[in-house]
Amino acid sequence: MEDQKCRSSPTTWTIVILSLICILGVCPANGASAGADASSSLSTYIIEVQKPTDKHLATIEDLDTFYRSFLPATTAGSNQEQRMVHSYRHVLSGFAAKLTAEEAKAIGEKNGVLDVRPETVLSLHTTHTHDYLGLRRGVGLWEDSNYGKGVIIGVLDTGILPEHLSFSDEGVPPPPAKWKGRCNFKRTSCNNKLIGARSFTHLSRSAAPYDDLGHGTHTASTAAGAFVKDASVFGFANGTAVGIAPLAHLAVYQVCTPLGCFTSAILAGFDAAIEDGVDVLSVSLGSKIPQEFRSDPIARGAFAATQKGIFVSCSAGNSGPSNYTLTNGAPWVLTVGASSTDRTIKATARLGNGQEFDGETLYQPRDFKPAQHPLVDMEGDEYKPRGKVSVRYTVYGRIEQGQMVKDAGGVAMILVNDPTKAYTTFPEPHVLPAAHVSHAAGTEIKKYIKTVSTPTATILFKGTQFNGSFAPAVAYFSSRGPNSISPGILKPDIIGPGLNILAGWNSPIDNSTDKKRPFKLISGTSMSCPHLSGVVALLKSVHPDWSPAAIKSAILTTAATSNAKGQPIVDEARRPASIFATGAGHVNVSKAVDPGLIYDTELTDYVPYLCGLNYSDGDVSLIVGKEVSCSSIESIPDYQLNYPSISVNFVRLGSNVSVKRTVRNVGPANSRYKLVIEPIAGIGSINVSPRELVFTKANETISYTVNFTRKASPQAVNAQGAITWVSAQHSVRTAVAVLFKESGGL
Ligand SMILES: *[C@@H]1O[C@H](CO)[C@@H](O)[C@H](O)[C@H]1NC(C)=O
Ligand SMILES: *[C@@H]1O[C@H](CO)[C@@H](O)[C@H](O)[C@H]1NC(C)=O
Ligand SMILES: *[C@@H]1O[C@H](CO)[C@@H](O)[C@H](O)[C@H]1NC(C)=O
Ligand SMILES: *[C@@H]1O[C@H](CO)[C@@H](O)[C@H](O)[C@H]1NC(C)=O
Ligand SMILES: *[C@@H]1O[C@H](CO)[C@@H](O)[C@H](O)[C@H]1NC(C)=O
Ligand SMILES: *[C@@H]1O[C@H](CO)[C@@H](O)[C@H](O)[C@H]1NC(C)=O
Ligand SMILES: *[C@@H]1O[C@H](CO)[C@@H](O)[C@H](O)[C@H]1NC(C)=O
Ligand SMILES: *[C@@H]1O[C@H](CO)[C@@H](O)[C@H](O)[C@H]1NC(C)=O
Ligand SMILES: *[C@@H]1O[C@H](CO)[C@@H](O)[C@H](O)[C@H]1NC(C)=O
């Protein structure tokens, strides 16, 4: 009966997807059967076994021998070596091997085997941002943190183009003594910037992780790219490209191929990064839908990394704007959503009546005369595009539609967003004069076409523009909470730049760039994640003794909730964004370095937390890597984890909820904090005790409780507010999400 309470354990490993790829509209073929060997019926399985107890099993060779002892006799002999795909040391006790279904079943029945699961299909699902984030040469955090010098950022991705100028090591010191990694490029390709490079997607362990896709080059250069002058795409977004932590080291672990990111490879990448000694891990990949922690390789790998003090930063997913789409939501990772920056590559659609609608495109031919041409709507009655400007819609391929208009003899295209994409537009290399405009603009343009007898339009090209008035705005694709795996943990944690980000690419995409400095503008939470990884590296430089949880707390409690105009941050539809889209808000780097107070989470706190989520003893033991009996400890509900935000779920918790938090003083020894409460709709009373926090020592901790009482029948599905502790120098904001009803789920 005991087991009935437990969450059922999924039997397959997560399908992991490079979120970015689908945004670009080039999703590689789905459905390739992961790990399947074309020549036989072998598939890759991940096998978890009980830890070897003998101390002498500590060396890698002995561990391999131990793992191989689980392989059935049929695999013995010369081909056994090839059956073993990965042997894990840190992420979990176990290995990945190629097996037939019968062999896998037989292994599952062996003594000491805890779990056997097939690796499922892994369908593959900045010149300006440093400035936008307030990082300037010679001053402030860049100067104080020495540009991230000495910190090692590991990147689990598609590999890297090592020759790219973004990976020049000018000014970067040799790696610290603790570094144990290796470089599988030829000797000339690694340097003091790129200190590690390994592949887990090839059969050969010495294969070089060349980036065939560009994604890994983009994320690595975003996190820690060197200064590269005169970067641009098609001449736009031009300037000096640089990563967020320009003097940090990079270690690259190739875990993705054009077919996707194989779970056995992801676990192997985490395993190697932990062994090598990285400080920060940047993981811009994940599943399309939420996954239980137990079978999610990122949650599992990140837990093992966190145990070693490694900070793990992850993309939230690109499945927005629907609710409950958030992935990578474990409390031990930083989950990053994506927002716009203040830069656009502007093209304006101008109608015959003088109305103008701003949009974007990367193709801005100088010789296009802004004369009015007849305007037709592809959804209108008679669609004949020849010699005209066509209205087309983003429900179909964006570039392809321009090609169709061009092939039909059309002059230009106004590409209109579908309703869910709202105001999120992309500057892309269209094949004819075009402007990608918002859904709202499209509605007005349709109205105009219907009301005049001879509608006309043209496109005006305006190049790179700054100071976009709604930035940062949440991008439509950024995955949203509530967190379906653990509703008491607010996710995403934070938003950062993820829309139209310029960073290094693996091949030139226009004719003006040479092979050593290709750059590309792309979008996704894949892009926002490495921004935060870079921020974490800067913070680690300044505070080397802070735990991953403390650094996360610093980022969350100092986040901005309003935009440059002082208005609340908006979403893709320009409505005030939900807390389930923004988390704590938009990262403010210069504030995060000096947060005043921090919420720390001890590693041991995750055990009562996981027990409180009703995972079985076996599952908790697998996740934390040691034997746990939940009945012998006091478990806690998820919202009681000492997290730097609060998520209260009245669907499950009746009408009164009491939440406890503990803060540590990392500001001046003598500090007095007063309470400021942002009221929450639908909550009748918020009682906080004590109402003042008085610190007399550095590192002193004080606990407080917050009692929320909901109104009799709140109208809203959810609501948001905050509890802020304010001293003379600091403002420590704890975002509060409240859920009254479940709604809008998948
Ligand atoms: C960060 O906060 C500081 C101090 O309040 C403010 O001056 C600055 O504009 C903020 N920067 C960003 C990028 O939000
Ligand atoms: C970008 O290019 C334009 C046009 O060539 C030039 O006016 C501008 O100064 C450049 N911007 C930067 C930041 O280099
Ligand atoms: C998400 O939930 C909110 C209520 O919290 C609802 O207003 C909204 O329409 C939902 N969004 C989607 C895309 O379902
Ligand atoms: C953007 O606005 C700020 C002030 O709000 C100004 O200092 C800056 O020059 C503007 N940037 C551009 C590129 O117009
Ligand atoms: C790049 O060069 C090719 C061949 O020289 C040409 O067809 C193409 O139009 C050029 N593209 C751009 C964007 O200039
Ligand atoms: C765990 O199980 C207990 C007992 O069945 C139940 O009260 C509680 O709501 C469950 N918690 C979660 C997070 O599912
Ligand atoms: C909830 O708290 C309020 C006051 O904070 C109290 O009046 C009420 O009785 C409590 N309800 C329950 C069910 O405990
Ligand atoms: C909060 O509620 C708990 C019990 O639910 C109670 O012991 C405590 O006094 C309350 N605190 C405040 C500040 O209302
Ligand atoms: C505070 O704690 C940190 C790490 O726990 C330690 O390095 C530091 O010296 C402490 N500071 C004081 C003033 O005790």
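The analysis underlying the following values was restricted to heavy atoms, covering all of them including side chains, and did not include hydrogens, waters or symmetry mates. Each residue takes its place number in the sequence, starting with 1. Each ligand, and each atom within it, is numbered from 1 in the order the structure gives.
For atom 1 (C) of ligand 1, the nearest non-hydrogen atom from the set Asn588, Val587, Leu135, Asp342 comes from Asn588. When the heavy-atom distances from atom 2 (O) of ligand 3 to Leu739, Asn323, Asn718, Ile579 are ranked, the shortest goes to Asn323.
No side-chain heavy atom of Phe311 sits less than 4.5 Å from a side-chain heavy atom of Leu532.
Contact atoms of ligand 3 toward Pro321: 13 (C) (distance under 4.0 Å to a heavy atom of the residue). For ligand 3 and Val717, the ligand atoms under 4.0 Å from any heavy atom of the residue are 4 (C), 5 (O). Annotation for ligand 1: atoms under 4.0 Å from non-hydrogen atoms of Lys591 are 2 (O), 4 (C), 5 (O). Heavy-atom proximity to Ser322, at under 4.0 Å, picks out these atoms of ligand 3: 13 (C).
Between Asp600 and Arg664, at least one side-chain N (NZ, or NE/NH1/NH2) sits under 4.0 Å from a carboxylate O, which counts as a salt bridge.
In this structure, atom 7 (O) of ligand 1 has its sub-4.0 angstrom surroundings free of protein heavy atoms. Of the protein's heavy atoms, none falls inside 4.0 Å of atom 4 (C) of ligand 8. Within the 4.0 angstrom cut-off, atom 11 (N) of ligand 8 has one or more protein heavy-atom neighbours.
Side-chain atoms of Tyr147 and Ser541 form no donor-acceptor pair, as typed in the model, at a separation below 3.5 Å. Between the side chains of Asp493 and Tyr643, a donor-acceptor pair is found at a separation under 3.5 Å.
Note that Arg574 lies in the cation-pi zone of Phe470, set by a 6.0 Å cut-off to the ring centre and a 45° limit from the axis.
If you look at Phe227 and Trp142, their ring centroids are closer than 6.0 Å.
What sits closest to atom 9 (O) of ligand 8 on the protein, heavy atoms only, is Asn707 ND2, 4.7 Å. At the top of the distance list for atom 13 (C) of ligand 8, counting protein heavy atoms only, stands Ser689 CB, 3.5 Å.
Using cut-offs of 30° and 60° on the angle between ring planes, the pair Tyr704 and Trp725 is perpendicular.
Under the side chain to side chain donor-acceptor pair (under 3.5 Å) rule, Thr425 has a single partner from Glu572, Glu360, Lys346, His436, which is Glu360.
Residue-level proximity to ligand 3 for Ala716 is absent, since no heavy atom of it falls below 4.0 angstrom.
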